Visitor: 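Sharing a structure with you now.
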Amino acid sequence: MKNLLRLLLKSQHQRNRSELAQTEKGMTLVELLVGVIMAFLIITPMLGFVVDMLNTDRREQVKSNTEQDLQAAVDFIAQDLSQAIYIYDNSANGVPGLIAGNFIPSAAATNGTPILVFWKRQQLNNSLPIVPGDKPSSCAQNTLKGAGACNDTYVLSLVAYYQVRGGPGIWCQPSGGTCPTRIVRYQIQDGLRDPTRSTDPDPANRYFADGDLKNPDGQKRSLAFNIGTPTVAGFDINKPTEKVTNPNVAWDRADVLVNYIDHGTLPIFTGNECTTALGNPTTQIGITRPPIPEDTLKVTDRTTNINSFYACVDTQRNLARVTIRGNSLRRLQANGADYDANRAAYFPTASVQVQGLGARGN
């Protein structure tokens, strides 16, 4: 009896082990292929969605960066313009006259076009000694009298904003395709004059010597600034269209204000944008006051039709409106970044209108 029971238990145990072994089998090749295909069908759309989200995020990021750069640029120009005492318009005596007289950097030298040109008073802080005979190099901070005490003063400065095309590779990234344009600020200025030499017959001798200056970069006279000679008068701010600078002399200061300005060639604006923006300005001719033509008010690049940086200028009221259009797509791609009205959001625009607070006079 015991042997029979032992035999039955042994048989049942072997049957259970056989069934367990049959259930512990791996995946077949067909099952594996089906799993791979299903994973591919699920993951591929998700991967495309993720890539699209990343690309959209990059485009939005560069768009935001471009908007910030443009706003910073117009803020800087606004502060600069607020000190203006004379702004050149697009009349024959305006920017075209400066170009014709070689008074400002040439297109060949800059590979650019002058858009906004104006005179301003450049303030020099703590630069002019109070004690006669002292030198600017002795000026000390927070000294109100005696040796080392100095006053603030100002000098005349001519500023020109250019829209520059092409250039070194650092301004054309990603490389290839049409390079974006950039705005470059050029400047010259008068130097720090010595009051004790104001009657010297030679205007070149009316300045402090270079070795006596505390800050030569900010106090030295630019070579292009026209001071005249003992027999010929130099520039007079009361005659801002005459003898403006020493012609064909290189300007010693040039700084890039902002890059990635749109390079697209669009048609010249045909509306009266400047006339409207500046409040329908007029000019006095005899007893009449006819409106100033739109072509006189608007200063833009009329040679290449790149209208992404232009100015509306009313010289008589010392008033200017500046508009800049950026190109955020050019930060990402060398090709396919031309202006398209359907993608206008990636070509942000910033404008500012400023009336110069300075006034001409001795």
Side-chain angles (χ1 to χ4, degrees), residues 67-91 93-99 103-105 110 112-125 152 154-164 181-190 218 222 225 235 237-238 240-241 244-245 251 253-258 261 273-279 281 292 294 296-301 307-326 348-361:
E67 291 172 343
Q68 293 175 11
D69 288 348
L70 292 185
Q71 190 58 51
V74 296
D75 288 346
F76 183 91
I77 292 175
Q79 183 176 4
D80 216 10
L81 264 176
S82 68
Q83 306 170 52
I85 56 180
Y86 187 87
I87 311 173
Y88 292 92
D89 59 17
N90 200 50
S91 65
N93 289 326
V95 174
L98 298 178
I99 296 173
F103 292 129
I104 56 178
T110 62
T113 303
I115 302 296
L116 180 65
V117 185
F118 58 92
W119 283 98
K120 73 170 190 174
R121 297 188 190 275
Q122 179 78 32
Q123 183 168 335
L124 302 180
N125 297 323
D152 297 342
Y154 69 86
V155 296
L156 286 176
S157 175
L158 181 60
V159 176
Y161 287 89
Y162 278 64
Q163 183 168 19
V164 177
T181 65
R182 60 190 181 276
I183 297 176
V184 178
R185 182 182 185 273
Y186 293 85
Q187 179 181 4
I188 61 169
Q189 68 177 50
D190 195 6
S222 303
F225 190 90
F235 174 73
I237 190 59
N238 293 306
T241 61
V244 182
T245 64
W251 288 28
R253 291 185 60 181
D255 302 291
V256 176
L257 178 64
V258 62
I261 305 304
E273 178 187 5
C274 288
T275 300
T276 302
L278 299 180
I292 301 176
E294 178 77 8
T296 298
L297 299 173
K298 180 167 289 180
V299 186
T300 187
D301 186 346
N307 300 299
S308 52
F309 175 39
Y310 61 93
C312 301
V313 178
D314 182 354
T315 297
Q316 295 186 21
R317 291 191 293 163
N318 206 29
L319 178 67
R321 178 181 179 84
V322 178
T323 301
I324 308 174
R325 184 179 69 249
T349 300
S351 298
V352 65
Q353 185 164 311
V354 182
Q355 186 164 28
L357 302 179
R360 285 183 285 164

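Note that this is a predicted model, so its numbers are computed, not measured. If you read the sequence from its start, that first residue is 1, and numbering goes on from there.
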Visitor: Are E273 and Y310 linked by a side-chain donor-acceptor pair shorter than 3.5 Å?
Guide: yes
Visitor: Whether the D89 and S91 side chains hold a donor-acceptor pair (N or O, under 3.5 Å, no angle test) is what I'd like checked.
Guide: yes
Visitor: Distance from I261 atom CD1 to L70 atom CG, nearest 0.5 Å?
Guide: 5.0 Å
Visitor: How close do F118 and L158 get, counting heavy atoms only, and between which atoms?
Guide: O-CD1, 3.4 Å
Visitor: In Å, rounded to the nearest 0.5 Å, how long is the span from OG1 of T276 to CZ of R321?
Guide: 10.5 Å
Visitor: Just to verify, which of V164, V322, L257, I115 counts as forming a side chain to side chain contact (heavy atoms under 4.5 Å, CB included) with I183?
Guide: L257
Visitor: Parallel, tilted or perpendicular, judged at 30° and 60°: which one describes the rings of F235 and F225?
Guide: perpendicular
Visitor: Between Q163 and T113, do the side chains contain a donor N or O and an acceptor N or O under 3.5 Å apart?
Guide: no
Visitor: Enter the distance from I77:CD1 to L116:CG here, rounded to the nearest 0.5 Å.
Guide: 6.5 Å
Visitor: Among I188, D190, T245, V155, find the residue that satisfies the side chain to side chain contact (heavy atoms under 4.5 Å, CB included) test when tested with S222.
Guide: I188
Visitor: Go through the steps to decide whether Q123 and Q83 satisfy the test side chain to side chain contact (heavy atoms under 4.5 Å, CB included), and finish with yes or no.
Guide: CA-CA 10 Å; Q123 183 168 335; Q83 306 170 52; 5.5 Å; no
Visitor: Does any donor atom in the side chain of D75 or Q79 lie under 3.5 Å from an acceptor atom in the other side chain?
Guide: no
